[in-house]
Each structure stands twice: as structure tokens, then as C-alpha cells.
2 protein chains.
Amino acid sequence: MQIGSKFTIGVHIITAIACFRDMDRVNSEFLAGSIGVNPVIVRTVISQLREAGIVQTQRGSSGAELTKRLDEITLYDIYKAVGSVDAEEGLFHFHEQPNPDCPVGRNIHKVLDQRLMDAQRAMEEKLRSTTLADIVEDTRQALDNESNEETALLQAESRM
Amino acid sequence: MQIGSKFTIGVHIITAIACFRDMDRVNSEFLAGSIGVNPVIVRTVISQLREAGIVQTQRGSSGAELTKRLDEITLYDIYKAVGSVDAEEGLFHFHEQPNPDCPVGRNIHKVLDQRLMDAQRAMEEKLRSTTLADIVEDTRQALDNESNEETALLQAESRM
DNA sequence: GATAGTTGTAATATATCATATTACAACTAA
DNA sequence: TTAGTTGTAATATGATATATTACAACTATC
């Protein structure tokens, strides 16, 4: 099992909006092309990000705007916004009908639940510790490295 | 999405084996009754626990035995044994075709992967910190509380 | 050694869920 | 007015979790 890709899609969307906002307002079709999924998926995720108060959009008008500073948006916010894990159910699916007539069956839930929640929370805390400012920063860094490598390559070629 | 119930079923199985081992060897049918699932599911999970070196079984002969001490079996061992999360894929499903022609698309994976792994690992470390000795101990504790409550109830009744 | 009970596993069915896709109304910008 | 865009419902498709049936291999016991 895996946490659905809407989470990484959400991160991709916000990163792209942040990276391209000075050049262009990116629409759902462009984003879909960058992400490699259907535009309706992008619009769905953007809707969820809007409901979570992370972006703002206008029907008919192209592109979305961020409503928070990048360093105020954490990975956890996006994970939560797109409903990566059902709040009621939790990360771990417990078998649903342990037998109340068995001493183990009627107690296993009680005994395990807290520890499973702790594990889930540890994961979520980690997600809280990264902001989209970190992600965008690292993306820019990666782009810089790309162009440095390209320059180095060109220089190497010209030396031959 | 959720981590499948085979994980909690695995914990239930080992707890039951530990709790009942002095009284009875529990077979897959009994366990299925306690857990509330089909006996074949139980046998499948036991097979995976056996492959992980946690239990020992014998074809035709009833019941499974633990091959490790309870304090040497962690929740993580069971989580791993039943393949709760695919080792290749990881906990987070990344969208599969980010566009290499887009500056964000070709870098998002690199930028996110480490942080997602860190989050997954934080969850897994928490699972490592609980042993089956803890679980069995807590289960016995819960059973004690049950009988204390029962006694209290009986005493209350006799006073009326 | 014959019988009843058990495990191991393959094969299949079913239900649920993630993702893709089509379609279209509501809206904006030019 | 026209072309482009968003928001969302409806539906399709494929993957996966769990249930179930079936049976061969094996053990324990009478």
C-alpha cells in the first residue's frame, strides 16, 4: 500500500506556481504537462489546496496564487489538504472484527492503538519540519547545478 | 489509503500464541476466530512470519511456535514481515511521469525523495521501539483490570 | 496403517479505491 | 462575442486488499 500520488502532485503544483509566478500564470493544462497526469486531477488537487487555504483561484481566470508565504506551508499541510490519510481511519488499517469473547481479541485494539498513532504522528511531524520554501530553494539549487554542469561540459568540449 | 490489516493481524497472532502457549497450541482456525478473518489469511500471515524467522510451524501439526523471545520481536519486524510497505516503492507514491523538459518536473523527485524517506523512517523507528513483550504485557494488564472490575462489580452487587 | 485434522498454497471472486477521462456549466479576458 | 479556463459530476479502468474454495502434503492418534 502507498499514500496516493496526490500528495506529491500537490507539492509539485505549489513548487511550480512559486517557480513560475514571475514569468507566467500556469494553468491546469500546463501543470498537468509538467506533472504527467490528467488536467482534471490537477484541478481536483488545486481545489483541495484552495479549501485548505493554501492557494487562491478564480473561475475562468488562469492560474492559481499562493495565499501563504512559502515558509508557512509545510509538507504536512499539503499531505493533510489532499487527504493522504483519512483522519478517522488513520494510517494503519486495523482488522475490524476481533472477537470480544477472546481475551486477546477484546484487548488488542486498546493495546495497539496508541502505539500506532504514535508511529503515524512521528511520520507526520517529519512532514511538518519541511516547508515549501525548502523545496523551492532546493529546486533552484538543482537548477543552478544543472547550468554549472552544462557550462563545465561546454568548457571541456572547447578544450578538445 | 491505509497500511493493510495484515500488520495488526500479525501482531494479534503473535500475541495470541504467546498468551495461550501454556494452555494450548492454537491452530489457524482458532486464530481466525479470535481475529475475525478467514483462516487462509491467518495461514498466509503465519507463512510470512515464518519466512521472517519469527515463528516456526510444521505442516500437518497444529499451531506455531515463536522462535524468538518476545522482547526480541518489534512491531517493525512484523510490519516488515508481512510487507506492509513495498521496500522498492516506499510509503509515498510519487507521480510517475514528471516532465523532464520542465525545470520543476525534472528536479522534484530528487528534491523530495530524501525528505519522504525520512518521514517514512521516522514512522518505522517508532514501530521499532515497541516489542511484543510490551504488547503481551499490556494485554495481561488489561485482563487483570477486567477481573478487578468484575470483582468490584460483584462486591458492589453483594452490598445491595 | 487408516482416519481425522492440520498446514501450505494456488486459483478465483469480490469489493474498494486510485487514477483517467469525458462532458459541460460557469466564468473571465480580450 | 469568442476563445480559453476553472469547477465538478459522472463514468471507466485498473490495481489491490480481503474472502473463499479447493486440495495436496503432512502429522497425530486410534
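Every chain is numbered from 1 and lettered A, B, ... according to where its sequence line falls, protein lines coming before strand lines.
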Just how far, in rounded Å, is [atom2] of [N] from [atom1] of [X]?
X     : N      : atom1 : atom2 : value
B/D24 : C/dT6  : CG    : P     : 11 Å
B/I3  : D/dT16 : CD1   : C1'   : 15 Å
B/M1  : D/dA15 : CE    : P     : 20 Å
A/Q2  : C/dA18 : CD    : P     : 12 Å
A/R43 : C/dC27 : CZ    : P     : 16 Å
B/I13 : C/dT7  : CD1   : C1'   : 13 Å
A/I41 : D/dT8  : CD1   : P     : 15 Å
A/Q56 : C/dT28 : CD    : P     : 14 Å

Legend entry - Whichever of A/K6 and A/S62 has its nearest DNA chain C nucleotide further upstream toward 5': A/K6
Inset, instruction - Return the 5'-most residue of the pair A/Q58, B/V40 with respect to DNA chain C, ranking by each residue's nearest nucleotide. - result: B/V40
Inset, instruction - Map A/H93 and A/S28 onto DNA chain D by nearest heavy atom, then report which one ends up closer to the 5' terminus. - result: A/S28
Inset, instruction - May I ask you to say what B/R50 touches in the nucleic acid, namely base, sugar-phosphate or nothing, with a heavy-atom cut-off under 4.0 Å? - result: sugar-phosphate
Does [X] have a side-chain nitrogen or oxygen under 4.0 Å from the phosphate oxygens OP1 or OP2 of [N]?
X     : N      : result
A/S61 : C/dC27 : no
B/R59 : D/dA24 : no
A/N38 : C/dT19 : no
B/S47 : C/dT9  : yes

Using 4.0 Å as the upper bound for N to carboxylate O, is an ion pair formed by [Y] and [X]?
X      : Y      : value
B/E125 : B/R128 : yes
A/R21  : A/E65  : no
B/E124 : B/K80  : no

Inset, instruction - Flag the pair A/H93 / A/E96 as yes when at least one side-chain heavy-atom distance between them is below 4.5 Å, and no otherwise. - result: yes
Legend entry - B/V40-B/V26 co-clustered via ILVMFWY side chain contacts under 4.5 Å: no
